[in-house]
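Notes follow the structure.
All figures in this text were calculated on a predicted structure; none of them were measured in a lab.
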Number of protein chains: 2
Amino acid sequence: MRLDDIDHQIVAQLLQNARASYAQVGDAVGLSAPAVKRRVDRLRHDGVITGYTAVVDPAALGWTTEAFIEIFCTGATAPEEIYASVRKHPEVVAAYTVTGEASALVHLRARDIQHLEAVLERLRREQNIVQTKTTIVLSRLIGRPTDAPTS
Amino acid sequence: MRLDDIDHQIVAQLLQNARASYAQVGDAVGLSAPAVKRRVDRLRHDGVITGYTAVVDPAALGWTTEAFIEIFCTGATAPEEIYASVRKHPEVVAAYTVTGEASALVHLRARDIQHLEAVLERLRREQNIVQTKTTIVLSRLIGRPTDAPTS
DNA sequence: ACTGAAAGAATACGCTC
DNA sequence: GAGCGTATTCTTTCAGT
């Protein structure tokens, strides 16, 4: 599962435009369309590329509020339990276990402040969670869509 | 620029698989392929969909370390200045200005801990930045690839 | 919404290193 | 044998009506 330079170029192309045709990608990297397809198939099979997604502007869909929540859990709560508590909430975009005082860091998006408040209440009702600390995003400076997949 | 229910379904489909054909999307939402294309064109034109990207597993590319850095700036540093200080570093995946004590929150990815350390040193050399507080990601619990675009 | 022309994807086959 | 390219067939896309 070693990736050569052309593999990296192909990945870069697909990061830029996941709907590009194999011929287009081939033009960019100096390969024929079937050769590109073979490599992409391999990259998918090897788990380097796990999927393709549209890049959507949340604000255009009416999701104007974004926040990071530090979650503090009881004693030694396993990551699986945190996962279970957090995955139910569709507003959660990402969640991580982290070093430091907090047990986990949750990245979420809400329609507005009222919606955010509702989500926080829901989160705090979870059994494991004893405290939350919210940091609201004022503005997004950079946001490369480079996040890893759910599945 | 109002979106009806079918628009939302189309967006959901493309979030799930950006390389799906118009016919496939049409099947899922109950429309013909050309009708889907018209709507997608409109969604792109209206800035709801800003692009398409591959979902890549950073670990498979050798990027195993991830961290969130709270950045503390001198006095009243403008968001533009923070942006300028942060955008140069390719390891930065996302950056936000936030409420709370910190001026900004930076999400970054590095190859390993040594690389992370190097990035932190680079960041701290920036003029505006007086202090950083690093939180290292131990494990990713959830990561829906729903982040907004760069441009 | 449907049809016809054009473009792209997938497979098979032959060539080179 | 591993990898690329060409050729063919089949599907998808797109612009007309």
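Heavy atoms only, all atoms of each residue included: V48(A) and V11(A) are closest at CG1-CG2, 4.4 Å.
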> Reading nucleotides 12-17 of chain C 5' to 3', which nucleotides get B (base under 4.0 Å from a protein heavy atom), which S (sugar-phosphate only), which -?
Replying inline: ------
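Distance R42(A) CZ to dA10(C) P: 17 Å, rounded to the nearest Å. Residue L31(A) contributes atom CG, which lies 12 Å from atom P of dG3(D) at whole-angstrom precision. For the pair D4(A) CG and dG3(D) P, the computed distance is 9 Å after rounding to whole Å.
A 4.5 Å side-chain heavy-atom check between H107(A) and E66(A) finds at least one atom pair inside the cut-off.
A donor-acceptor contact under 3.5 angstrom links the side chains of Q9(A) and D5(A), judged on distance only.
Of the candidates dA1(C), dC14(D), dA10(C), the closest approach to any side-chain atom of K37(A) belongs to dA10(C). Of the candidate nucleotides dA10(C), dC14(D), dC4(D), dC4(D) has the atom lying nearest to any side-chain atom of R39(A).
Within a 6.0 Å radius of CD in E101(A), no more than 12 heavy atoms belonging to other residues, nucleotides or ligands are found.
Within residues 18-30 of chain B, the residues that have a heavy atom under 4.0 Å from DNA chain D are, in order of number, S21(B), Y22(B), A23(B).
Remark: R39(A) engages D4(A) in a salt bridge, criterion side-chain N to carboxylate O under 4.0 Å.
Using a distance-only test at 3.5 Å, with no hydrogens or angles considered, a donor-acceptor pair links the side chain of R19(A) to the main chain of A20(B). Judged purely by atom type and a 3.5 angstrom limit, T99(A) has no side-chain atom pairing as donor or acceptor with the backbone of T135(B). Not a single donor-acceptor pair under 3.5 Å links the side chain of T50(A) to the backbone N or O of D57(B).
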